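The structure appears right after this line, and notes come after that.
Fair warning: this is a prediction, and the values are worked out from it, not measured in the lab.
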Amino acid sequence: MDHNSDIAYTQAMADIDVAGIDGVIKTAEDMEAIAESDRNADQAGDLQDAIEHIQGKMAETLFVQTLSTTQTNRIAALNL
């Protein structure tokens with residue numbers, strides 16, 4: 001059990017989270033592609049939300065172990 005939770009993080013949970021992470025990664029990639037000075041408040045908020053979501057999931061060892069190589073590389077490229 002990682003991430004300070006009273007509920008054990010299971011493989012089923014990791015599978016669901018990994019299946020849904022691509023959209024979050026894409027949001028972060030899209031918002032990072034916009035120069036910081038050109039981002040509006042909504043875009044900045046979307047980026048922050050995406051980063052926080054990814055960082056929270058990355059705190060779960062089982063989530064990290066379940067990621068594909070492509071997903072792992074895309075997350076690494078975000079330099080979180």
Side-chain angles (χ1 to χ4, degrees):
M1 184 176 5
D2 295 327
H3 199 67
N4 301 326
S5 174
D6 291 335
I7 300 172
Y9 190 77
T10 66
Q11 185 63 58
M13 294 166 79
D15 292 343
I16 291 167
D17 288 342
V18 166
I21 200 66
D22 289 320
V24 180
I25 295 169
K26 177 81 168 111
T27 296
E29 291 169 337
D30 290 350
M31 294 307 104
E32 280 197 341
I34 301 168
E36 188 172 355
S37 60
D38 293 335
R39 287 181 207 137
N40 64 34
D42 287 338
Q43 292 166 327
D46 289 348
L47 177 58
Q48 186 61 38
D49 290 347
I51 288 170
E52 289 174 6
H53 182 81
I54 294 168
Q55 288 173 329
K57 295 301 178 189
M58 294 298 286
E60 299 289 352
T61 302
L62 194 52
F63 173 83
V64 174
Q65 293 170 344
T66 305
L67 289 169
S68 70
T69 301
T70 300
Q71 289 168 320
T72 300
N73 291 340
R74 288 174 68 200
I75 291 169
L78 293 171
N79 297 313
L80 304 179

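For T70, the side-chain contact (heavy atoms from CB on, under 4.5 Å) test picks out S68, R74, with sequence neighbours left out. Remark: T27 engages no residue in a side chain to side chain donor-acceptor pair (under 3.5 Å) (not counting sequence neighbours).
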Name every donor-acceptor pair, under 3.5 Å, that has one atom in a side chain of residues 44-51 and the other anywhere in the protein, sequence neighbours excluded.
unit_1	atom_1	unit_2	atom_2	d
Q48	NE2	E52	OE2	2.8

Distance-only check: which donor-acceptor pairs under 3.5 Å involve side-chain atoms of residues 16-26, not counting sequence neighbours?
unit_1	atom_1	unit_2	atom_2	d
D17	OD2	Y9	OH	2.5
D17	OD2	K57	NZ	3.1
D22	OD1	Q71	NE2	3.2
K26	NZ	D30	OD1	2.8
K26	NZ	D30	OD2	3.3

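Evaluation of the salt bridge (charged side-chain N to carboxylate O under 4.0 Å, His left out) test over residues 31-43, restricted to residues two or more places apart or in two chains, returns none.
Residue M58 holds its CE atom at 6.0 Å from CG of L67, rounded to the nearest 0.5 Å. Atom CD1 of I75 is separated from atom CD of Q55 by 10.5 Å, given to the nearest 0.5 angstrom.
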Item to check | I34 vs Q43, side-chain contact (heavy atoms from CB on, under 4.5 Å): CA-CA, chis, key distance, verdict | outcome: CA-CA 9 Å; I34 301 168; Q43 292 166 327; 3.3 Å; yes

